[in-house]
Enquirer: 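Sharing a structure with you now.
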Amino acid sequence: MNSKTDKSIMMSRRTLVAGTAVLGGSVLAGLGIRKAEAGDRKYKFAFANVQESGELFKQFGDGFKAAADKIGIVLSRYNNNGDGVTALNNARLMIEEQPDIVFEYNGVEGIGNSLQKVFERAKVPYVAINVPVPGGHWFNLVNKEIGIDAAKIVAAAAREKGWTADNTTVLVAQAAAAGVEVNDCVRYFYITVAEEMGMQQVGPEAITATTTIISPTGIQVDGKGALEASYAAVKNVLQTIPKDRNLLLFAVNDDSAIATWRAVAESGRGDKALVAGLGGSLAALKELRTNPQWVGEGSVFSTHWGQYLLAMGVAIVNDKKPPPLTKAPQIVLTKKDVDTYYDAAGKVVMLPPLVPENRYLAATGILQKFGNVKDL
């Protein structure tokens with residue numbers, strides 16, 4: 001559970017930066033990346049993944065490690081196993097390594113203050129991935145935007161089939177322990193579908209971690225962001241939804257979405273359901289290409305988050321203060337444009353252009369080493 005991968009060859013700071021970056025037509029000042037003559041200190045990063053049991057998170061962790069190996073940054077890797085106690089133990093182990101920076105992917109929002117104490121006591125900078133940790137820098141997709149964009153695609157597909165508010169139910173799978181930000185995707189999915197299809201509307205404050213019945217046309221289950229838990233929760237709640245109802249499905253990540261779809265399909269209701277995933281996992285991309293009911297895929301290119309995080313770490317270690325949120329690459333794909341970003345094997349062929357919330361990363365020179373960000 002707390003194993004570390006083999007470390008790659010370390011690289012000097014002087015190999016990481018070349019030249020000056022331009023942002024919005026002006027020189028990006030103040031990054032403070034050290035020149036070669038400033039010394040040969042090596043980069044040493046530590047990373048705790050939220051879990052390694054699901055395809056989505058395993059691919060993210062593997063991609064992060066591969067990116068570090070490619071450019072020679074040392075990266076130790078831990079598995080939080082979706083558990084708060086394990087995450088705290090891993091945080092202490094990472095600190096013992098005396099890394100330049102820690103990347104913390106914790107799935108239990110309630111232990112954030114405890115993690116903060118561990119990192120700040122050791123005076124080690126830290127980046128929270130997805131779930132915020134107080135006092136830390138933050139890297140994340142914008143869940144609200146993903147939920148809204150996915151909802152518009154799914155609602156449009158439902159209207160094309162002649163489905164209406166009178167015969168359709170929205171079923172979303174949250175991850176209650178992950179907190180408000182992560183669950184904004186499913187929250188705003190329902191809100192937007194309701195607006196698009198004339199269902200009963202509710203405010204975001206009405207959809208909380210304990211909400212089960214959102215409205216007469218909206219149901220939420222806690223799939224915990226995991227395959228087995230999502231499958232069991234959806235299979236159970238389907239018994240309460242009349243079989244003549246059409247279903248619009250969405251979940252906090254691809255593992256949960258795939259489990260939701262499997263439970264619905266196995267119940268014999270697949271032809272009366274439409275689904276969108278979130279994550280861009282290999283399995284979900286295959287569904288988007290081959291499953292007529294899978295109409296959208298909110299890709300956050302998590303297999304390539306590592307290169308953004310490495311650039312972020314280098315910037316922070318060299319005294320650059322990031323914006324409040326460093327935004328991950330994201331887009332909601334459809335069957336029409338999936339081939340623009342992924343090949344038939346599910347390999348990323350292009351990443352979206354940088355946006356204001358992550359454009360500062362270009363100044364480190366790290367992203368340019370991978371050559372896959374559009375317009376960079």
Side-chain angles (χ1 to χ4, degrees), residues 1-7 43-54 56-65 68 73-141 143 174-184 209-210 222-230 252-253 255-256 302 305-306 309-310 312-313 316-317 322 324-326 328:
M1 289 170 56
N2 297 334
S3 62
K4 293 176 282 187
T5 59
D6 293 337
K7 297 179 178 178
Y43 286 105
K44 181 180 178 182
F45 295 170
F47 157 58
N49 201 358
V50 61
Q51 62 184 34
E52 297 276 353
S53 58
L56 178 66
F57 302 113
K58 179 68 163 54
Q59 287 177 3
F60 161 54
D62 290 347
F64 197 175
K65 184 62 169 62
I73 289 179
V74 171
L75 180 71
S76 59
R77 178 177 173 183
Y78 295 78
N79 178 10
N80 285 336
N81 206 33
D83 177 69
V85 173
T86 302
L88 282 170
N89 288 336
N90 284 341
R92 298 184 184 101
L93 290 171
M94 287 190 288
I95 289 302
E96 288 180 5
E97 295 184 12
Q98 298 182 322
D100 294 307
I101 192 167
V102 165
F103 296 92
E104 176 62 58
Y105 197 166
N106 160 53
V108 183
E109 187 183 43
I111 68 165
N113 289 331
S114 297
L115 288 168
Q116 179 185 20
K117 291 177 181 177
V118 172
F119 298 138
E120 292 189 351
R121 188 180 299 120
K123 298 182 180 180
V124 173
Y126 54 103
V127 173
I129 302 169
N130 201 195
V131 179
V133 175
H137 304 290
W138 190 28
F139 178 90
N140 197 22
L141 65 150
N143 283 284
Q174 65 158 328
V180 174
E181 162 59 29
V182 171
N183 289 294
D184 266 351
T210 59
D222 184 9
K224 306 184 188 305
L227 283 162
E228 293 183 6
S230 297
V252 294
N253 61 45
D255 288 344
S256 187
S302 59
W305 277 10
L309 290 166
L310 292 170
M312 188 177 180
I316 292 168
V317 171
L325 166 68
T326 297

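All values below were derived from every heavy atom in this structure, side-chain atoms included, with hydrogens, water molecules and symmetry-related copies excluded. Because the structure is predicted, anything quoted here is derived from the model rather than measured.
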Enquirer: Write down the atom of A46, the atom of E97, and the distance for their closest heavy-atom approach.
Expert: CB-OE1, 4.2 Å
Enquirer: Quick one: are T326 and L309 in side-chain contact, heavy atoms under 4.5 Å?
Expert: no
Enquirer: Would M94 and Y126 count as a side chain to side chain contact (heavy atoms under 4.5 Å, CB included) if you check the C-alpha gap in whole Å, the side-chain angles of each, and the deciding distance to 0.1 Å?
Expert: CA-CA 11 Å; M94 287 190 288; Y126 54 103; over 6 Å; no
Enquirer: For F64 and F103: C-alpha separation, side-chain torsions, deciding distance, then whether ring pair (Phe, Tyr, Trp, His ring centres under 6.0 Å) applies.
Expert: CA-CA 11 Å; F64 197 175; F103 296 92; 5.5 Å; yes
Enquirer: Only one of L310, I101, V317 passes side-chain contact (heavy atoms from CB on, under 4.5 Å) with Y43; say which it is.
Expert: V317
Enquirer: Tell me which one of F47, F60, F139 satisfies ring-ring contact (aromatic ring centres under 6.0 Å, His included) with Y105.
Expert: F60
Enquirer: Salt-bridge test for D255 and K224: reply yes if a basic N is under 4.0 Å from a carboxylate O, no otherwise.
Expert: no
Enquirer: If you measure from CD1 on I129 to NE2 on H137, what distance do you get to the nearest 0.5 Å?
Expert: 13.0 Å
Enquirer: Is the side chain of N49 donor-acceptor paired with the backbone N or O of F57 at a distance under 3.5 Å, no angle test?
Expert: yes
Enquirer: Please check this pair: side chain of D184 against backbone of N143, looking for a donor-acceptor N/O pair closer than 3.5 Å.
Expert: no
Enquirer: How close do G84 and V108 get, heavy atom to heavy atom, and via which atoms?
Expert: N-CG2, 3.8 Å
Enquirer: Do you know which two heavy atoms are closest between G223 and A229, and how far apart they sit?
Expert: O-CB, 3.3 Å
Enquirer: V133 versus V131: any side-chain heavy-atom pair under 4.5 Å?
Expert: no
Enquirer: If only atom types and distance count, is the side chain of Q174 paired as donor or acceptor with the main-chain N or O of A209 below 3.5 Å?
Expert: yes
Enquirer: Is there side-chain contact between N140 and L325, with at least one heavy-atom pair below 4.5 Å?
Expert: yes
Enquirer: Among P324, P132, P322, which one satisfies side-chain contact (heavy atoms from CB on, under 4.5 Å) with W138?
Expert: P132
Enquirer: Would you check if N130 and V50 make a side-chain contact, meaning some heavy-atom pair closer than 4.5 Å?
Expert: no
Enquirer: Look up atom CG in L88 and atom CD in E104, then write down how far apart they are to the nearest 0.5 Å.
Expert: 8.5 Å
Enquirer: Using the salt bridge (Lys or Arg N to Asp or Glu O under 4.0 Å) definition, which of the options K58, K65, R77 pairs with E52?
Expert: R77
Enquirer: Where is the tightest heavy-atom contact between V252 and V182, given as atom of each residue plus distance?
Expert: CG1-O, 4.3 Å
Enquirer: Might you point out which heavy atoms bring S230 and A226 nearest each other, and give the distance in Å?
Expert: OG-O, 2.7 Å
Enquirer: Specify the closest pair of heavy atoms between I95 and A122, including all atoms of both residues, with the distance to one decimal.
Expert: CG2-CB, 3.3 Å
Enquirer: Any side-chain heavy atom of N79 sitting closer than 4.5 Å to one from Q51?
Expert: yes
Enquirer: Can any side-chain N or O of D222 pair as donor or acceptor with the backbone N or O of A176 at less than 3.5 Å?
Expert: yes
Enquirer: Is the number of heavy atoms from other residues, nucleotides or ligands within 6.0 Å of CD (E228) greater than 12?
Expert: no
Enquirer: Mind checking the CD1-NZ spacing from I111 to K117? Nearest 0.5 Å is all I need.
Expert: 12.5 Å
